[in-house]
> 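I have a structure I would like to understand better, so I am pasting it below and will then ask my questions one at a time.
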Amino acid sequence: MSVAATASQGRGRGGRERILAAAARLFATQGINATGMEQVAEAAPVSKRTLYAHFRAKNDLVMAHLQELASSGATLESVLTREDLPARERILGLFDQPAPDEAPVRGCPFIDAAAEFPDPESAVHAYAREQKLRMVRLVTALVTELGCREPAVLAEQLVTLADGAASRAMVLGDADYGRHARAAAEVLLAHALPGTG
């Protein structure tokens, strides 16, 4: 097979998946607004025509990227739906960043996206907000399952800790930073259980 044929084959099937994978890498390393559509096409690799056939505008690509993250299990929140873990371990799993060898250390992609799209009426910001509200609903259900007092208040405290820890881990480049928030979460959970405090 000729080099031209190989290149053509590489650009054919799976274009959407390659575009999303390239966008994910670029958005994580340099940010959404700093990433141009031409860069994504080159990194995929696909033609600009193919890129725009799948995603008519950059916002469409950003939304697809965030939706892919939400459904892939690649975010901190995904631990909350793991049925193989007890409720307490799911909650504490929020404070475990990916392994240090998966550099760079990233914060919450939904918070990052909301920061880059600050208009609360924008589709990207609204989707990020929806994911953050989903996160608190999942934690509320778990702390309710544990029998904790004031589950809604406790859930807000826990997700605030988790989001803060993820942001500081990213800023400081310390994948293990969540250990500090995890210790605080353990205290909050212990005090909220029936018969304590």
Side-chain angles (χ1 to χ4, degrees), residues 20 23-24 27-28 32 59-60 62-100 102 105-172 174-197:
L20 285 170
F27 292 164
I32 296 170
N59 277 11
D60 296 333
V62 175
M63 286 296 295
H65 161 69
L66 294 176
Q67 290 163 350
E68 175 79 10
L69 281 176
S71 65
S72 70
T75 63
L76 288 180
E77 292 91 337
S78 65
V79 72
L80 298 172
T81 58
R82 284 186 53 186
E83 295 186 3
D84 60 318
L85 294 175
R88 185 175 182 278
E89 288 309 307
R90 290 190 218 179
I91 294 165
L92 294 177
L94 285 172
F95 306 97
D96 298 333
Q97 287 284 323
E102 296 177 17
V105 176
R106 302 310 303 163
C108 171
F110 304 119
I111 291 177
D112 293 346
E116 292 206 52
F117 291 80
D119 178 359
E121 300 303 315
S122 76
V124 171
H125 193 102
Y127 186 78
R129 179 173 57 245
E130 180 185 312
Q131 293 306 306
K132 294 285 93 180
L133 292 173
R134 177 177 177 268
M135 179 182 178
V136 80
R137 286 193 302 270
L138 290 169
V139 174
T140 301
L142 292 172
V143 295
T144 299
E145 180 183 328
L146 290 172
C148 293
R149 293 186 297 270
E150 300 186 65
V153 173
L154 178 59
E156 289 290 354
Q157 293 168 342
L158 290 167
V159 298
T160 299
L161 272 175
D163 283 338
S167 296
R168 288 185 63 81
M170 184 270 293
V171 171
L172 301 175
D174 180 1
D176 193 36
Y177 190 85
R179 69 190 183 280
H180 302 296
R182 183 184 176 112
E186 288 173 340
V187 172
L188 284 172
L189 286 168
H191 282 279
L193 289 169
T196 62

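The shown structure was predicted, so the numbers you read here are calculated from the model rather than taken from an experiment. Side-chain atoms are counted along with the backbone in the values below, which use heavy atoms only and exclude waters and symmetry mates.
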> Per the side chain to side chain contact (heavy atoms under 4.5 Å, CB included) rule, which among Leu142, Val143, Leu146 passes with Arg88?
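Of all the options given, the one that passes is Leu146.
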> Restricting to side chain to side chain contact (heavy atoms under 4.5 Å, CB included), what partner residues turn up for Glu68, sequence neighbours left out?
Leu20
> Show your reasoning for whether side chain to side chain contact (heavy atoms under 4.5 Å, CB included) applies to Leu69 and Gln131.
CA-CA 11 Å; Leu69 281 176; Gln131 293 306 306; over 6 Å; no
> Between OG of Ser167 and CZ of Arg106, what distance do you get to the nearest 0.5 Å?
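Between Ser167 OG and Arg106 CZ, I get 10.5 Å after rounding to 0.5 Å.
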> Let me confirm one number: the CZ-CG distance from Arg179 to Asp174, rounded to the nearest 0.5 Å.
5.5 Å
> Please enumerate all residues that pass ring-ring contact (aromatic ring centres under 6.0 Å, His included) together with Phe110, with sequence neighbours excluded.
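Once residues adjacent in sequence are excluded, Phe110 has no partner under the ring-ring contact (aromatic ring centres under 6.0 Å, His included) criterion.
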> Hey, does Leu154 have a side-chain heavy atom less than 4.5 Å from the side chain of Leu189?
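A side-chain contact exists here, since the closest heavy-atom pair is under 4.5 Å.
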> Quick one: list whatever passes side chain to side chain contact (heavy atoms under 4.5 Å, CB included) with Ser122, sequence neighbours left out.
Phe117, Asp119, Val124, His125
> Sequence neighbours left out, what passes side chain to side chain contact (heavy atoms under 4.5 Å, CB included) with Ala184? Give chain and number order.
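Checked Ala184 against side chain to side chain contact (heavy atoms under 4.5 Å, CB included); matches are Leu161.
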> Which pair of heavy atoms, one from Ala166 and one from Cys108, lies closest together, and at what distance?
CB-N, 4.1 Å
> Can you check whether Ala114's main-chain N or O pairs, donor with acceptor, with Arg129's side chain at less than 3.5 Å?
no
> Rounded to the nearest 0.5 Å, what separates atom CE in Met135 from atom OG in Ser78?
10.5 Å
> Please list, chain by chain and in numerical order, all residues satisfying salt bridge (Lys or Arg N to Asp or Glu O under 4.0 Å) with Arg182, sequence neighbours excluded.
Glu89, Asp96, Glu186
> Mark yes when over 12 heavy atoms from residues, nucleotides or ligands other than Glu130 sit less than 6.0 Å from its CD; otherwise mark no.
yes
> For Ala181 and Ala165, work out which heavy atoms get closest and say how close.
CB-CB, 3.6 Å
> Taking only residues two or more places apart in sequence, or in another chain, which ones meet Asp163 in a salt bridge (Lys or Arg N to Asp or Glu O under 4.0 Å)?
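Partners of Asp163 by the salt bridge (Lys or Arg N to Asp or Glu O under 4.0 Å) criterion, ordered by chain and then number, come out as Lys132.
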> Can you see which heavy atom on Pro151 is nearest to which on Thr144, and at what distance?
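Nearest heavy atoms, Pro151 then Thr144: CB-OG1, 3.3 Å.
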> Taking side chain to side chain donor-acceptor pair (under 3.5 Å) as the test, write out the residues that go with Glu116, two or more places apart.
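So Glu116 forms a side chain to side chain donor-acceptor pair (under 3.5 Å) with Asn33.
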> Of all residues at least two apart in sequence or in a different chain, which pass the side chain to side chain donor-acceptor pair (under 3.5 Å) check with Arg168?
Tyr177
> With Arg82, which residues qualify under side chain to side chain donor-acceptor pair (under 3.5 Å), at least two apart?
Asp84
> For Thr81, check side chain to side chain contact (heavy atoms under 4.5 Å, CB included) against everything at least two apart and list the hits.
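Residues passing side chain to side chain contact (heavy atoms under 4.5 Å, CB included) with Thr81: Arg134, Leu138.
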> Less than 4.5 Å apart, side chain to side chain, heavy atoms only: is that true for Phe27 and Val62?
yes
> Under the rule for side chain to side chain donor-acceptor pair (under 3.5 Å), what residues qualify as partners of Thr75, not counting sequence neighbours?
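For Thr75, the residues satisfying side chain to side chain donor-acceptor pair (under 3.5 Å) (neighbours in sequence not counted) are Glu77.
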> Quick check for you: to the nearest 0.5 Å, what is the distance between Met170 atom CE and Leu172 atom CG?
9.5 Å
> For Val79 and Leu94, which heavy atoms make the closest approach, and how far apart are they?
CG1-N, 3.8 Å
